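All remarks here apply to the structure that follows.
Residue numbering restarts at 1 for every chain, and letters A, B, ... go by the order of the sequence lines. Worth saying up front: this structure is predicted, and the values here are computed from it rather than measured.
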Protein chains: 2
Amino acid sequence: MFKRTPSPIIAQIAKIRESANLLLEKELLARDLKGIVPAHGLVFCFLFRQDEPIPIKALVQESGRVKSTVTGMVNTLEKHGYLYKIECPDDARSTLIGLTEKGKAIQQDFEDVSETLENKVFGSMPPEDRQRLLELLAVIEKNLD
Amino acid sequence: MFKRTPSPIIAQIAKIRESANLLLEKELLARDLKGIVPAHGLVFCFLFRQDEPIPIKALVQESGRVKSTVTGMVNTLEKHGYLYKIECPDDARSTLIGLTEKGKAIQQDFEDVSETLENKVFGSMPPEDRQRLLELLAVIEKNLD
DNA sequence: TGACTTTAGTTCGCACACGAACTATCCTCC
DNA sequence: GGAGGATAGTTCGTGTGCGAACTAAAGTCA
């Protein structure tokens, strides 16, 4: 009985994502960013754009993660000193979060790591191929909506 | 200050993978395959190809997962009755695993789900585009090795 | 044979990730 | 204003996933 790999593209995509995460972890470690993992990217990326503390609710909507997951990530990032939590003055149910100085300080590293990843992913692929790849990926992304 | 999404391709790829996993979970549930999650695909795919019990060690190598992770997955699949564990007669350190009848019985479902996913991913994309996409993905996969 | 090393699995602690249940606050509407 | 429902977070249980430490059984070699 012969068996082939199921869903070769998805397997390929999963593998690429894993390799990317591995590279990210390596780069983060190289920059001495302890306690930060690729999954925190969404959090930082969102918080970098905020001028003042935002409710956790906003992060839940933005990140696409479930409430309890966000609670966990916020707590670990708080534990490592990257962000702080304060009570919302207007709504006692709500908790506001914001970047500490330590949290703000990593923005440059964050961007550097992102760029390193982007460069490594594409390598010497010509621009028209990159464009084509993004388009084709957009198609299958839409197919899966 | 303006911030763009870091590594758009990787973000896109991560999103596709997540959507695919979501679809898989939906399809598994629709077929009443309780206790099985996408991550178990590697395990089943490997075990379907075996005629007799294999050491966990082999699954570790094949799956690309770490020993402790495999231990966990094997235990949950055993708990749900999809596979069994026996002591290896030749090497007392080794544990052999194999599919139970319940485990073997899902092979058809497994293939159906894989095909459903594959079809949904590609949709009506023409064959030459599919080919091109796989090629381009292979390039960035290699870039990240 | 007996010390040393390698190997196979398990266990533990941690973090992400989900869903379900829970608490506390707020809002609505009678 | 008070009952009922909506909303914001947390907590709990389960599972994947990792690394490190551990146990037990082989293998090595002097």
Please tell me which of the listed nucleotides, [options], lies nearest to the side chain of [X]?
X: B:Thr71; options: C:dC16, C:dT10, D:dG9; value: C:dT10
X: B:Met73; options: C:dC16, D:dG17, D:dA25; value: D:dG17
X: B:Lys79; options: D:dG15, D:dA25, C:dC14; value: D:dG15

B:Ile13 side, atom CD1; A:Glu18 side, atom CD - distance, nearest 0.5 Å: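 Nearest 0.5 Å value for the CD1-CD distance: 12.5 Å.
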Protein-nucleotide distance ([X], atom [atom1]; [N], atom [atom2]), rounded to Å:
X: A:Glu62; N: D:dA8; atom1: CD; atom2: P; result: 16 Å
X: B:His80; N: D:dT14; atom1: NE2; atom2: P; result: 11 Å
X: A:Asn75; N: D:dT10; atom1: CG; atom2: C1'; result: 9 Å
X: A:Leu59; N: D:dT10; atom1: CG; atom2: P; result: 11 Å
X: B:Glu18; N: C:dC18; atom1: CD; atom2: C1'; result: 11 Å
X: B:Lys57; N: D:dA25; atom1: NZ; atom2: P; result: 19 Å
X: B:Arg17; N: D:dT16; atom1: CZ; atom2: P; result: 14 Å
X: A:Glu87; N: C:dA24; atom1: CD; atom2: P; result: 14 Å

Does B:Gln50 CD have over 12 foreign heavy atoms under 6.0 Å away? yes
Quick one: salt bridge (Lys or Arg N to Asp or Glu O under 4.0 Å) partners of A:Glu135, sequence neighbours excluded?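 Counting only residues at least two positions away or on another chain, A:Glu135 forms a salt bridge (Lys or Arg N to Asp or Glu O under 4.0 Å) with A:Arg132.
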Let me know, please, whether A:Val70 or B:Ala39 comes out on the 5' side of the other along DNA chain D by nearest nucleotide.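 The residue mapped nearer the 5' terminus is A:Val70.
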Any heavy-atom pair between the side chains of A:Val70 and A:Ser63 that's under 4.5 Å?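 Yes - at least one pair of side-chain heavy atoms lies under 4.5 Å apart.
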A:Arg17 side chain reached by B:Ile10 side chain, heavy atoms, under 4.5 Å: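 SC-SC contact between B:Ile10 and A:Arg17 ruled out.
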For B:Thr76, answer base if it contacts any base atom (sugar-phosphate contacts may also be present), sugar-phosphate if it contacts only those atoms, and nothing otherwise; contact means non-hydrogen atoms under 4.0 Å.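 The answer is sugar-phosphate, as B:Thr76 gets under 4.0 Å only of primed atoms, P, OP1 or OP2.
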Any side-chain to backbone donor/acceptor pair from B:Ser94 onto B:Asp91? Under 3.5 Å, distance only. no
Main-chain N/O of A:Leu77 paired with A:His80 side-chain donor or acceptor, under 3.5 Å: no
Would you call [X] and [Y] a salt bridge, taking side-chain N to carboxylate O under 4.0 Å as the test?
X: A:Lys104; Y: A:Glu101; result: yes
X: B:Arg31; Y: B:Glu25; result: no
X: B:Arg49; Y: B:Glu62; result: yes

Within residues 93-100 of chain A, the residues having a heavy atom closer than 4.0 Å to DNA chain D are A:Arg93, A:Ser94, A:Thr95
Does anything in residues 22-29 of chain B reach DNA chain D, meaning a heavy atom under 4.0 Å, and if so which residues? none
Taking only nitrogen or oxygen atoms into account, show me every contact under 3.5 Å that the protein makes with nucleotides 19-21 of chain C, one pair per line with its distance.
| residue | atom | partner | partner atom | Å |
| --- | --- | --- | --- | --- |
| C:dG19 | N7 | A:Ser68 | OG | 3.4 |
| C:dG19 | O6 | A:Ser68 | OG | 2.9 |

Between [X] and [N], is there a side-chain N or O to OP1/OP2 distance below 4.0 Å?
X: B:His40; N: D:dG15; value: no
X: A:Lys85; N: D:dT10; value: yes
X: B:Arg65; N: D:dC18; value: yes

What's in the same ILVMFWY side-chain cluster as A:Leu96, cut-off under 4.5 Å, chained through other members? A:Tyr84, A:Ile86
Considering residues at least two apart in sequence or located in another chain, which fulfil the ring pair (Phe, Tyr, Trp, His ring centres under 6.0 Å) criterion with A:Phe44?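 With neighbours one apart ignored, the set is A:Phe48, A:Tyr82.
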